[in-house]
Amino acid sequence: MPESKLLMDIGDRLRARREKMGLTQKQTAKLLGISETYYGEIERENRKLTIERILLVRKHLELDPTYLITGEHNSNQLIEQLMEECPKGKEDLVIQLMHYLALLYR
């Protein structure tokens with residue numbers, strides 16, 4: 001994959017996660033220990049994230065590094081995330097639905 005496409009995709013995924021969390025660029029930059037300007041450059045694909053910043057993205061934005069870089073989800077982590085977002089008391093229902101879907105698509 002060309003570097004510019006990779007940077008664009010990383011910037012897009014960061015922006016989407018930041019917006020989903022209701023954070024501004026300034027707030028996100030502070031979490032990552034960088035300037036707002038530098039963070040904006042990352043979203044606009046003009047700057048790269050260091051390994052240290054990728055780990056901070058994982059910690060503070062709860063964004064899997066594999067997904068951030070490749071766009072591919074780790075299915076176990078995705079299931080865990082969906083279960084965390086599940087309304088309290090509905091976890092068993094979600095598990096049953098996943099079980100039925102798995103049976104349906106065998």
Side-chain angles (χ1 to χ4, degrees):
M1 174 180 300
E3 184 177 319
S4 62
K5 173 73 171 132
L6 179 65
L7 291 176
M8 183 175 70
D9 292 345
I10 289 172
D12 289 344
R13 285 188 279 277
L14 267 176
R15 180 182 305 108
R17 181 62 180 166
R18 174 181 60 76
E19 289 174 350
K20 182 177 180 180
M21 293 181 76
L23 297 171
T24 65
Q25 283 189 347
K26 184 176 185 174
Q27 291 167 321
T28 306
K30 185 175 181 178
L31 288 172
L32 300 181
I34 56 179
S35 72
E36 181 180 359
T37 302
Y38 191 91
Y39 179 79
E41 292 289 312
I42 293 169
E43 281 195 5
R44 288 187 296 280
E45 73 188 77
N46 296 323
R47 297 285 184 145
K48 300 175 187 176
L49 281 171
T50 63
I51 296 294
E52 292 83 6
R53 299 294 180 252
I54 290 172
L55 294 175
L56 287 173
V57 165
R58 182 172 106 198
K59 178 180 178 182
H60 295 295
L61 302 182
E62 300 174 359
L63 192 59
D64 176 53
T66 300
Y67 174 72
L68 177 64
I69 295 167
T70 67
E72 296 175 10
H73 287 282
N74 174 321
S75 58
N76 290 336
Q77 289 177 334
L78 183 58
I79 290 169
E80 286 177 26
Q81 179 183 354
L82 291 171
M83 290 303 291
E84 287 174 10
E85 295 173 2
C86 182
K88 297 295 177 202
K90 301 294 182 183
E91 295 91 346
D92 289 340
L93 178 62
V94 171
I95 291 169
Q96 283 181 325
L97 287 170
M98 286 191 294
H99 176 74
Y100 292 135
L101 285 171
L103 291 174
L104 182 65
Y105 289 103
R106 281 190 180 178

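- By the rule that hydrophobic residues join a cluster once side-chain heavy atoms approach within less than 4.5 Å of another member, Y39 and M21 end up as members of one cluster.
- Put simply, CD1 on I10 and CD on E43 are 12.5 Å apart, with the number rounded to the nearest 0.5 Å.
- Shown here for R13 and T70, the closest heavy-atom pair between the two residues is NH2-C, 3.8 Å.
- Every residue meeting the side chain to side chain contact (heavy atoms under 4.5 Å, CB included) condition with Q27, not counting sequence neighbours, appears here in chain and number order: L23, T24.
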Anything under 3.5 Å between a donor and an acceptor, one on a side chain of residues 57-67, the other on a protein residue two or more places apart or in another chain? List them.
unit_1: D64; atom_1: OD2; unit_2: T66; atom_2: N; d: 3.4
unit_1: D64; atom_1: OD2; unit_2: Y67; atom_2: N; d: 3.2

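- Residues meeting the side chain to side chain contact (heavy atoms under 4.5 Å, CB included) test with E52, sequence neighbours left out: T50.
- Atom OG1 of residue T28 and atom CZ of residue R15 lie 11.5 Å apart, to the nearest 0.5 angstrom.
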Result block: side-chain N/O donor-acceptor pairs under 3.5 angstrom for residues 95-102, not counting sequence neighbours:
none

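- Atom CG of L68 sits about 5.0 Å away from atom CG of L14, to the nearest 0.5 Å.
- Every residue meeting the side chain to side chain contact (heavy atoms under 4.5 Å, CB included) condition with K88, not counting sequence neighbours, appears here in chain and number order: E91.
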Table please: side-chain donor-acceptor pairs of residues 30-38 below 3.5 Å, with sequence neighbours left out.
unit_1: S35; atom_1: OG; unit_2: Y38; atom_2: N; d: 3.0
unit_1: Y38; atom_1: OH; unit_2: K48; atom_2: O; d: 3.1

